[in-house]
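A short worksheet on the structure shown next.
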Amino acid sequence: LNTAMLLSNLGSGYTFWAEDSANDTTPFVIDAAGNVGVGTAGPRGALDVRSANVILNSGSGQVFVGTTASSQTAGDGGQIGLGSYLDGISTQYPFAVIKGTANAASENLGNLIFATMDTSSTLVERIRINGSGNVGIGTPSPRTQLDMAGDLALNGNDINLGTGTA
């Protein structure tokens with residue numbers, strides 16, 4: 001059977017398939033739950049794209065990741081996770097995330113947050129840029145342009161502070 005499109009019921013509901021002419025891969029699937037798979041016959045979410053190269057082109061150069069909440073709450077926003085599937089199939093294991101969050105419900109200020117996995121497999125915020133442009137390293141509430149909690153190591157011959165050299 002050499003079909004380009006197929007609607008089948010494999011016991012878990014109807015699935016729409018678009019196959020290549022050799023009928024050896026499944027480049028596009030919509031399963032019974034409405035999940036879309038590109039490069040996979042078994043999508044694990046609303047959109048599951050499996051390819052060495054993925055290109056998102058919106059025409060305007062913007063890709064938006066966010067929530068669909070009816071009102072803004074502090075901490076709302078979207079995130080991009082970077083990692084792998086721990087068991088190769090179903091368990092997401094993010095090594096790092098980049099988040100964009102609302103600063104507070106009554107403000108239009110936002111935060112850009114960078115978090116990485118610690119030794120107990122917990123994502124921990126490491127750097128935050130708040131809506132005022134302040135950068136916090138090791139603190140979620142930067143009060144100045146650069147606010148750092150923890151030890152600091154500087155290496156180099158010259159360290160410039162303002163107009164002088166230390």
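Being a predicted model, the structure only gives us computed values, none of them experimental.
Listed for the N130 side chain is a donor-acceptor partner under 3.5 Å among the backbone atoms of S132.
Atom-to-atom distance recorded for N134:CG and R128:CZ is 11.5 Å, nearest 0.5 angstrom. Rounding to the nearest 0.5 Å gives a distance of 6.0 Å between CZ of R126 and CG of D118. Atom CG of L123 and atom OG1 of T116 lie 7.5 Å apart (nearest 0.5 Å). Taken to the nearest 0.5 Å, the CD1 atom of I80 stands 6.0 Å off from the CD1 atom of I98.
Partners of F114 according to the ring-ring contact (aromatic ring centres under 6.0 Å, His included) rule, which considers only residues two or more places apart in sequence or in another chain, do not exist here.
Using a 4.5 Å heavy-atom cutoff, the side chains of T40 and V29 are not in contact. Looking only at side-chain heavy atoms (C-beta outward), I127 and V135 come within less than 4.5 Å of each other.
The cluster map of Ile, Leu, Val, Met, Phe, Trp and Tyr, joined by side-chain heavy atoms under 4.5 Å apart, puts I137 and V124 in different clusters.
Here the closest non-hydrogen pair linking G83 and F95 is CA-CD1, 3.3 Å.
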All N/O donor-acceptor pairs, side-chain side in residues 145-155, below 3.5 Å, sequence neighbours left out:
{"residue": "D147", "atom": "OD2", "partner": "R143", "partner atom": "N", "Å": "3.0"}
{"residue": "D147", "atom": "OD2", "partner": "R143", "partner atom": "NE", "Å": "3.2"}
{"residue": "D147", "atom": "OD2", "partner": "R143", "partner atom": "NH2", "Å": "3.4"}

